Amino acid sequence: MTRPLWAKAGSDADAQSGDKSDAMSFMSRDDVLLDRELFEHDIRATRAHVRGLASIDLLTRSDAEALDHALADLAEDYKAGGFVLDTSYEDGHTAIESYLVGRVGETGKRVHLGRSRNDQVAVALRLYMLDALDRVKAALIASARAALSLARAEERTPMPGYTHLQRAVPSTVGLWMGSFAESFADAAELCVLTRRWIDSCPLGTAAGYGVNVPLPREQVAEELGFARVQINPMSAQASRGRIEAQVVSVLWQAMQEVRRLAWDLSLFSTEEFGFVTLGPGFVTGSSIMPNKKNPDMAELLRGSAAVVGGALAEIQQVVSLPSGYHRDLQLTKPPLIRVVKVTLEALWHIPRLIETCTLHPERMKAAIDRAMLATDRAVELSTGGLPFRDAYRQAAAEIGDATEIADAGASIDARVSLGGCANLGLDQIEARLRTLG
Ligand code: ARG
């Protein structure tokens, strides 16, 4: 292992370099591998820090240029696979500094003036999370659009509406799919709102108490594209993990919609319902039962929502800490990075999952019985002047639990208030999607 950044005369660090000791492995092995996800952000923030130091004359122009070139090369080498971030480093931060020392000698040792790994990891994570929210938002919008176009194509196709999984009132595929379009849009908006909330730069807070040099914090934050500076260093440290929890809770919201869709599709594709056949790429066979077509994709999407919920709980457990940096916070990285991947992978499949479904309108129609028109009848009687409770009882007596198949057309056409089957507001939902990006 390369010498830790914190090695000094009389420290234990030298005893721990060479092969990683068990203790060092425990403290950093997975962490340095996770830093692969943060590495390019860390390099970018390091470049901004270098420029900041140069602008307050704590680095000469030529040292700053040498460092900047070396950092640009590191980013490229890393992308191309020439530089590998592995367990020979304590962490990504150490790897950057040792690369710089290797490339520009003594000048490389100047890069850490005015910063700590505490603000270094915080800024890299912040950039990573901003990027993750943008990517999740784009995937949610693509999912919403797929749902919206199926809603438009099958706008008035009747299907039963359920409450408690019991037949309730006639509904439409347009209403069902429109619900996913709007709910995915809601989750995309949460990405936007959370993005705004976390769009502040912790770099320059150092170990959590500031430093005795006039760092140009605003300039560095602006260069990195942040909307503002996270001012108070202790507050910046206290937000570590809590910001992660907020981001993961947005992912959890997104995945709740994925879970609902997956639930509906797995239920409606059973032979008992028979409303939907899932696309051939999304079902699997059984190793013993030749007749089976299993909705594994829907089930794994549903299970992925549980994984995201678990990660949220994991982060929440870690962050109950007193003021100041604590190494516990490192443990918020694995759940965050794990579920950003899980969510993006899950969302990636949603548009095709929706597009490749085959609907069976005749099966849907056959599941709408005359009893489901009782609510319409009660409303109709009471708009004629009867108090609703009397109308309700009369409709119950007239229709009761009539089981013959009903024609739902008139019922659907009469649902004219905004959001109802005859007025789904799909244009409004589409307009909102456009504003979200
Ligand atoms: N891997 C560490 C983390 O994620 C980096 C910061 C280390 N800071 C320290 N004071 N040991 O928190």
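Numbering of ligands and ligand atoms starts at 1, following listing order. Keep in mind the model is a prediction, meaning the values are calculated, not measured.
- Taking all heavy atoms of Leu5, Thr94, Asp31, Leu331 into account, the minimum distance to atom 1 (N) of ligand 1 is reached by Asp31.
- Cation-pi contact between Arg260 and Phe180: present, with separation from the ring centre below 6.0 Å and deviation from the ring axis of at most 45°.
- In terms of protein heavy atoms, atom 5 (C) of ligand 1 is closest to His93 NE2, 3.9 Å.
- For Gln120, no heavy-atom contact with ligand 1 is shorter than 4.0 Å.
- Here is the list of ligand 1 atoms found below 4.0 Å of a heavy atom in Lys333: 1 (N), 4 (O).
- For atom 12 (O) of ligand 1, the closest heavy atom belonging to the protein is Tyr325 OH, 2.6 Å.
- Remark: the backbone N or O of Ser323 is paired with a side-chain donor or acceptor of His326 at under 3.5 angstrom.
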- request: Decide salt bridge (Lys or Arg N to Asp or Glu O under 4.0 Å) for Glu189 and Arg432; before the verdict, give the C-alpha distance in whole Å, the side-chain angles of both, and the deciding distance to 0.1 Å.
  value: CA-CA 9 Å; Glu189 187 158 355; Arg432 180 162 170 235; 2.8 Å; yes

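- Ion pairing of Lys333 with Asp35 is present here, as a side-chain N (NZ or NE/NH1/NH2) and a carboxylate O approach within less than 4.0 Å.
- With salt bridges taken as basic N to acidic carboxylate O contacts below 4.0 Å, none links Asp42 and Arg47.
- For atom 8 (N) of ligand 1, the closest non-hydrogen atom on the protein side is Asn118 OD1, 2.9 Å.
- In this structure, the protein non-hydrogen atom closest to atom 2 (C) of ligand 1 is Gln330 OE1, 3.4 Å.
- Here the protein heavy atom with the shortest distance to atom 4 (O) of ligand 1 is Arg240 NH2, 2.9 Å.
- Among residues two or more places apart in sequence or in another chain, the side chain to side chain donor-acceptor pair (under 3.5 Å) test is passed with Arg217 by none.
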